[in-house]
Structures are given as structure tokens and as C-alpha cells.
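What follows is a single structure, written as C-alpha cells, with notes after it.
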Amino acid sequence: MARSAGLVRDEVLPTGSKASSTAVRAAMTANKSRDTKPERQLRSLLYRQGLRYRVDARPIRDLRRTADLVFPKARVAVFVDGCYWHGCPEHYRPAVKRSRWWQEKIEGNRARDTDTNSRLREQGWTVVRVWEHEAPHLAAAKVISALERCSATPGSPSLAGSPQPSVAGN
């Protein structure tokens, strides 16, 4: 598919590339890191509820990690984790080619996720993680619940003035 889309050229791999072929490199570079379908669906539901957020932003300026959605005033960071890239216990299937390399890659992603969660929590952030396979309305309900909990704590911004969140199934 990458070749038919014109993404694959019969070239030599760049020095330092970890791809096993030009086709693999093209397929990997075509993977989206933001604006995936699950992210867009979640954003759409939250926006319809009157909630506003930052997209693909760093919750903590000095931490080189971005959340898919950030609610700065409520200090809530939302991550929509891909089943393959983050090792979903329900859907992850190990790679067949270069399995050791991919296993290390996924384990590294999981370790970084854990580190990100703890660093954000240390700074007073609430972290919401949802899997890409979760129904969008359930993911939205998790986010809204976290926002409501944050607004219920003293000194936190409230959701007052926002439309009352109601998350019906889609």
C-alpha cells in the first residue's frame, strides 16, 4: 500500500535508519502521531459538551512529553494510547519480524508512560489514559469524570458555566 501511494522509492535506507527496508520505512513514517480517528472522535464529543482543551500539548513546559488533550486550568492531561504502540493487554500482538527490537520498543513506551504519569501526578496533574479501542462515549465519560473530580477539590477551577456534561452512547 505504501508503494502504491508513492511513499516507497527504490532508494537506499538513510544511514542510521532502524527500518528493515524502504517499504517498512515508508509505512512507519506514514503512521500518525496525532489526530488519529480515536482522538478526533473523543475531541468531538468533548467539544459538543462545551469543553475546551489544548491539542497535542505539553502539560509541563519543561517535560518533553505531549498529551493528546490538555485541560490546563483543571490540570488534566488525556492520553489516547494506541493498542499496538502501548502494548494493550487485550489487543497487542507481538511483531514477528525483529521481535526482540519491537518488544524492547513497546516495553520502552510502557516505561515512558509510567514515568510520564508519575511526573505529572507529582506536579498536581490528573492523568487520564484511554485505549484507542475504547468506545468514544466511554472515553469521554472518563475525561468528564476526571474534570468534575478536579473541579470539586478546593482551589480548583470549576466546570460552572459549562454546559452540564451528558455523555450518551453513539
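Minimum interatomic distance between Pro59 and Trp125 (heavy atoms only, all atoms of both residues): O-CZ2, 3.2 Å. Residues Glu148 and Ser151 share a closest heavy-atom pair of O-OG, 2.9 Å.
Side-chain polar atoms of Ser44 and Arg48 form a donor-acceptor pair below 3.5 angstrom. If you check the side chains of Thr116 and Arg112, you find no donor sitting under 3.5 Å from an acceptor.
Listed by chain and residue number, Asp81, Asn117 satisfy the side chain to side chain donor-acceptor pair (under 3.5 Å) test with Arg129 (two or more places apart in sequence, or in another chain). By the salt bridge (Lys or Arg N to Asp or Glu O under 4.0 Å) test, Glu132 pairs with no residue at all, sequence neighbours left out. With sequence neighbours excluded, no residue forms a ring pair (Phe, Tyr, Trp, His ring centres under 6.0 Å) with Phe79. Every residue two or more places apart in sequence or in another chain was checked for a side chain to side chain donor-acceptor pair (under 3.5 Å) with Gln123, and none qualifies. In this view, Arg65 and Asp115 satisfy the salt bridge (Lys or Arg N to Asp or Glu O under 4.0 Å) rule, not counting sequence neighbours. Tyr92 meets the ring pair (Phe, Tyr, Trp, His ring centres under 6.0 Å) test with Tyr84; sequence neighbours excluded. Under the side-chain contact (heavy atoms from CB on, under 4.5 Å) criterion, Arg54 pairs with Ala57, Val70, Pro72, not counting sequence neighbours. For Lys105, the salt bridge (Lys or Arg N to Asp or Glu O under 4.0 Å) criterion is met by no residue, not counting sequence neighbours. Partners of Glu104 according to the side chain to side chain donor-acceptor pair (under 3.5 Å) rule, which considers only residues two or more places apart in sequence or in another chain, do not exist here. With sequence neighbours excluded, no residue satisfies side chain to side chain donor-acceptor pair (under 3.5 Å) with Ser118.
A cation-pi arrangement, defined by a distance under 6.0 Å to the six-membered ring centre and an angle within 45 degrees of its axis, is present between Arg98 and Trp101.
Follow the hydrophobic side-chain contacts under 4.5 Å out from Leu147 and you reach Val128 in the same cluster. By the criterion of side-chain heavy atoms lying less than 4.5 angstrom apart, applied directly or through intervening Ile, Leu, Val, Met, Phe, Trp or Tyr residues, Val55 is grouped together with Ile144 in one hydrophobic cluster.
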*Apply the test side chain to side chain contact (heavy atoms under 4.5 Å, CB included) to residues Thr126 and Leu120: give CA-CA distance (whole Å), side-chain angles for both, the deciding distance (0.1 Å), then the verdict.*
CA-CA 7 Å; Thr126 298; Leu120 289 174; over 6 Å; no
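Side chain of Asn109 to backbone of Trp85: a donor-acceptor contact under 3.5 angstrom is found. Counting only distance, with no hydrogens or angles, the side chain of Tyr53 and the backbone of Val78 share no donor-acceptor pair below 3.5 Å.
Inter-residue side-chain proximity for Leu69 and Leu46 is flagged as met; some heavy-atom pair is nearer than 4.5 Å. The side-chain heavy atoms of His86 and Asp113, taken from C-beta on, include a pair separated by under 4.5 Å.
Under a 4.5 Å side-chain heavy-atom cut-off, the cluster of Ile, Leu, Val, Met, Phe, Trp and Tyr residues that includes Trp131 has no other member.
Within the structure, no pair that satisfies the salt bridge (charged side-chain N to carboxylate O under 4.0 Å, His left out) test touches residues 83-95, not counting sequence neighbours.
Within a 6.0 Å radius of CZ in Arg61, no more than 12 heavy atoms belonging to other residues, nucleotides or ligands are found.
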